[in-house]
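Input: a single structure, listed below in structure tokens.
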Amino acid sequence: VQLQASGGGLVQAGGSLRLSCAVSGRTFSNYAMGWFRQAPGKERELVAAINWSGSTDNYLDSVKGRFTISRDNAKNTVYLQMNSLKPEDTAVYYCARFPNSYYGGSRVDYWGQGTQVTVSS
């Protein structure tokens, strides 16, 4: 299983970015997916997670109402739409697969490479 993230970049505060993560393999739709981020000097944190069908999702409190996670099982892709970006959103963002169909606090079994998001003030 390989996860390929894209869509990061430099954006001004208040702007938007859409991250994408393409996942190889036939069983993408069986698993929950998530986006994590890690800022310099900080621990990696879960930003958003989505279940196998896209019917349920979870968000970090600080991004609720601004970020939206979604998935397209026909394209084996998970997205993170980020609106109203703030400088504190600056981090390397990682997509990840969970070993279950629902997130439920489970650990990640596959990681994608990171994509840098930088928000200028």
Side-chain angles (χ1 to χ4, degrees):
V1 177
Q2 293 185 328
L3 287 70
Q4 182 70 42
S6 61
L10 173 64
V11 64
Q12 288 188 333
S16 298
L17 282 174
R18 188 194 197 202
L19 306 183
S20 299
C21 177
V23 182
S24 67
R26 298 182 178 180
T27 59
F28 172 76
S29 61
N30 290 352
Y31 300 99
M33 299 293 299
W35 287 95
F36 289 75
R37 69 185 181 188
Q38 188 167 19
K42 295 187 177 181
E43 293 187 354
R44 191 173 296 189
E45 61 183 356
L46 177 66
V47 175
I50 189 167
N51 75 322
W52 68 278
S53 67
S55 62
T56 62
D57 49 29
N58 307 81
Y59 295 94
L60 184 68
D61 283 348
S62 62
V63 308
K64 285 181 180 177
R66 299 189 297 122
F67 290 11
T68 302
I69 188 171
S70 62
R71 65 190 296 160
D72 185 335
N73 286 344
K75 295 182 179 180
N76 279 22
T77 302
V78 61
Y79 305 97
L80 185 67
Q81 178 67 44
M82 305 185 294
N83 299 328
S84 302
L85 281 160
K86 303 176 181 180
E88 51 265 43
D89 295 318
T90 295
V92 178
Y93 284 71
Y94 300 88
C95 61
R97 197 190 82 166
F98 299 104
N100 301 299
S101 56
Y102 286 83
Y103 164 55
S106 56
R107 298 185 67 175
V108 170
D109 60 355
Y110 290 97
W111 291 97
Q113 94 291 359
T115 185
Q116 177 70 47
V117 172
T118 303
V119 184
S120 63
S121 58

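Treat the numbers as computed from the prediction; the structure is a model and nothing was measured. Keep in mind that the numbers below use all heavy atoms, side chains included, and drop hydrogens, waters and symmetry copies.
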When you measure from the side chain of Ser121 to the backbone N and O of Pro87, does any donor-acceptor pair fall under 3.5 Å? no
Take Thr115 and Gln113 through the test side chain to side chain donor-acceptor pair (under 3.5 Å) and record every step on the way to the result. CA-CA 7 Å; Thr115 185; Gln113 94 291 359; over 6 Å; no
Between Ser84 and Ser16 the two heavy atoms that sit nearest each other are N-OG, 4.3 Å
Flag the pair Thr90 / Gln116 as yes when at least one side-chain heavy-atom distance between them is below 4.5 Å, and no otherwise. yes
Working to the nearest 0.5 Å, report the span between CG of Asn100 and CZ of Arg107. 13.0 Å
OG on Ser101 to CG on Asn51, rounded to 0.5 Å: 7.5 Å
Ignoring hydrogens, what is the shortest heavy-atom contact between Asp57 and Ile69? Give both atom names and the distance. CB-CG2, 3.8 Å
Are Val23 and Phe98 in one and the same hydrophobic cluster, where Ile, Leu, Val, Met, Phe, Trp and Tyr link if side-chain heavy atoms are under 4.5 Å apart? no
Do you reckon Val92 sits in the same ILVMFWY cluster as Val78, going by side-chain contacts under 4.5 Å, direct or chained? no
pair Gln12-Val119: side-chain heavy atoms closer than 4.5 Å: no
Between Ser53 and Asn73, the two heavy atoms sitting closest are CA-ND2, 4.4 Å
Separation between CG (Asn83) and CG (Leu17), nearest 0.5 Å, reads 9.5 Å
For the student: nearest non-hydrogen atoms of Ala39 and Ala91, plus distance: N-CB, 3.8 Å
Report whether Phe67 and Ile50 are members of the same hydrophobic cluster (ILVMFWY, side-chain heavy atoms less than 4.5 Å apart, transitive linking). yes
Check for me, please, whether Met33 and Tyr102 land in the same ILVMFWY cluster - side-chain distances under 4.5 Å, paths through other members count. no
Are Arg66 and Tyr59 in a cation-pi setup, meaning NZ or CZ lies under 6.0 angstrom from the ring centre and within 45 degrees of the ring axis? no
At their closest point, which heavy atom of Ser29 faces which heavy atom of Trp52, and how far apart are they? O-CB, 3.2 Å
Yes or no on side chain to side chain donor-acceptor pair (under 3.5 Å) for Thr77 and Asp72, after CA distance, side-chain angles and deciding distance? CA-CA 5 Å; Thr77 302; Asp72 185 335; over 6 Å; no
Does Arg18 count as lying over the ring of Tyr79, i.e. NZ or CZ under 6.0 Å from the six-ring centre, within 45 degrees of the axis? yes
Polar side-chain atom of Asn58 near backbone of Ala48 as donor-acceptor pair, under 3.5 Å: no
Flag the pair Lys64 and Asp61 as a salt bridge only when some basic side-chain nitrogen lies within less than 4.0 angstrom of an acidic carboxylate oxygen. yes
Smallest separation among heavy atoms of Gln2 and Ser24, with atom names: N-OG, 2.7 Å
For the CZ atom of Arg71 and the OH atom of Tyr31, what is their distance to the nearest 0.5 Å? 11.5 Å
Under a 3.5 Å distance rule, please check whether Asp89 uses its side chain to pair with a backbone N or O of Thr118 as donor and acceptor. no
Hey, is the main chain of Val117 close enough, under 3.5 Å, to the side chain of Arg37 for a donor-acceptor pair? no
Tested for ring-ring contact (aromatic ring centres under 6.0 Å, His included) against Phe36, the lone hit among Tyr93, Trp111, Tyr94 is Trp111
Let me confirm one number: the CZ-CG distance from Arg97 to Leu3, rounded to the nearest 0.5 Å. 8.0 Å
Hey, quick one: are Leu80 and Tyr103 part of the same hydrophobic cluster, counting side-chain heavy atoms closer than 4.5 Å, chains of contacts allowed? no
